[in-house]
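Working notes for the structure below.
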Amino acid sequence: MTGLLQDKVAVITGGGRGIGLAIAEAYDREGAIVIVSDIDGDAAETVAKGLSRGEAVVCDVRDEASVQALIDGIVARHGRVDIAVANAGVGRPMPLAEMSLAEWRKVTSVNLDGVFLTIRFAALAMAATGGGSIIGMASITGLKGSALIGDYAAAKAGVINLCKTAAVEFRDHGVRVNAMCPTFLDTVLVQEAIPTFEAALGVPFDAVIAQKQGRMGTVEDVVPLAVFLASERSRFSTGSSFIVDNGWLASLV
Ligand SMILES: NC(=O)c1ccc[n+]([C@@H]2O[C@H](COP(=O)([O-])OP(=O)(O)OC[C@H]3O[C@@H](n4cnc5c(N)ncnc54)[C@H](O)[C@@H]3O)[C@@H](O)[C@H]2O)c1
């Protein structure tokens, strides 16, 4: 059976676990050749080995040469890049009062600089080989401010806006660029942040989740959108931000 992404060449940064891993597996199921990239080479290797046509590449998205080598290597091996998911991200809750410039940069260097580098090199490669689809992994925090995530939310807002500019600049080259804005999903990133959120909020995080989004999300809740945006089914969508939040942002309280 032919998949929605049959024989497409897809790269996912931060593909070693969490959302990136789930997207890698979904793209694999849809017939893509999947390049799993992560700063954690062992994690990328383990994920790639579980795919039918997976490859692992170590890449630190903060490092320009590393991202360029990732994209150049894929073009050298496969002749093109069709799909790029700029997914690598980090975060840890911290109030602005405690946030030094060095702390700010720990998050923004991955979540915004890294997305910029991934989008730029992927878009240039796609423009040279007939086009493609890029997904910037933003978050609902890019659409709302929130205590303890000033660096993270600012970076995600930057991702949403950067995707718009890239979409416009590369539209005539057949490159689409969209942002995904998931709400809280059950990954290591979120589990590690919960104790700090609970201490600051003074209420169980489960209660906030239940009120705002009904239940905790799972990576599988956002995978279908990542497949849609990578595929031809979204061919007339570019420069858009797609919210996946089970209604969180629909309500003021
Ligand atoms: N989990 C959520 O609720 C949620 C919600 C909205 C958006 N997001 C975003 O989705 C993306 C993935 O989140 P997740 O929950 O799967 O996180 P995660 O922590 O489970 O996985 C992140 C992956 O990125 C890799 N990584 C970290 N720094 C890197 C770097 N410098 N270069 C390359 N790889 C690096 C890690 O090794 C890890 O494999 C992030 O951009 C995150 O901000 C997550």
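- A salt bridge is absent between Lys156 and Asp151: the closest approach of a Lys/Arg side-chain nitrogen to an acidic carboxylate oxygen does not fall below 4.0 angstrom.
- Between Phe205 and Phe197, the two ring planes are parallel [angle under 30°; tilted spans 30° to 60°].
- In terms of heavy atoms, Val47 sits closest to Gly16 at CG2-O, 3.5 Å.
- The environment of CZ in Arg105 is sparse: at most 12 heavy-atom neighbours from other residues, nucleotides or ligands sit within 6.0 Å.
- A salt bridge links Arg77 and Glu55; the closest N-O separation between the charged side-chain nitrogens and carboxylate oxygens is under 4.0 Å.
- Of the possible donor and acceptor atoms, one in the side chain of Asn111 sits under 3.5 Å from a partner among the backbone N and O of Val90.
- Linking ILVMFWY side-chain heavy atoms closer than 4.5 Å, directly or via other members, places Val222 and Tyr27 in a single hydrophobic cluster.
- At distances below 3.5 Å, at least one donor-acceptor pair connects side-chain atoms of Ser234 with backbone N or O atoms of Leu229.
- The pair Asp206-Arg215 fails the salt-bridge criterion, with no side-chain N (NZ, NE, NH1 or NH2) lying under 4.0 Å from an Asp/Glu carboxylate O.
- The salt bridge (charged side-chain N to carboxylate O under 4.0 Å, His left out) search around Lys106 returns Glu103, not counting sequence neighbours.
- In terms of hydrophobic clustering, with Ile, Leu, Val, Met, Phe, Trp and Tyr side chains grouped at heavy-atom distances under 4.5 Å, Val75 and Leu124 are assigned to a common cluster.
- If you check the side chains of Asn178 and Ser237, you find no donor sitting under 3.5 Å from an acceptor.
- Without hydrogens or angle criteria, Ser251 side chain to Trp248 main chain gives no donor-acceptor distance under 3.5 Å.
- Hydrophobic cluster membership is shared by Ile33 and Val81, with clusters built from Ile, Leu, Val, Met, Phe, Trp and Tyr side chains linked at under 4.5 angstrom.
- Phe121 is connected to Val9 through a chain of hydrophobic side-chain contacts under 4.5 Å among Ile, Leu, Val, Met, Phe, Trp and Tyr, so both are in one cluster.
- Listed here is the closest heavy atom pair of Leu70 and Ser37: CD2-OG, 3.7 Å.
- Between Glu198 and the choices Leu201, Ile194, Thr196, the side-chain contact (heavy atoms from CB on, under 4.5 Å) rule is met once, by Ile194.
- In this structure, Thr13 contributes its side chain and Asn87 its backbone to a donor-acceptor pair below 3.5 Å.
- Between Ala125 and Ile71, the closest heavy-atom pair is CB-CG2, 3.6 Å.
- Within the 3.5 Å criterion, the main-chain N or O of Lys8 finds no donor-acceptor partner in the side chain of Asp82.
- Note: the hydrophobic cluster containing Met216 also contains Val208 (ILVMFWY, side chain heavy atoms under 4.5 Å, direct or indirect links).
- Residues Thr187 and Val219 form a side-chain contact, since some pair of their non-hydrogen atoms from C-beta on lies under 4.5 Å apart.
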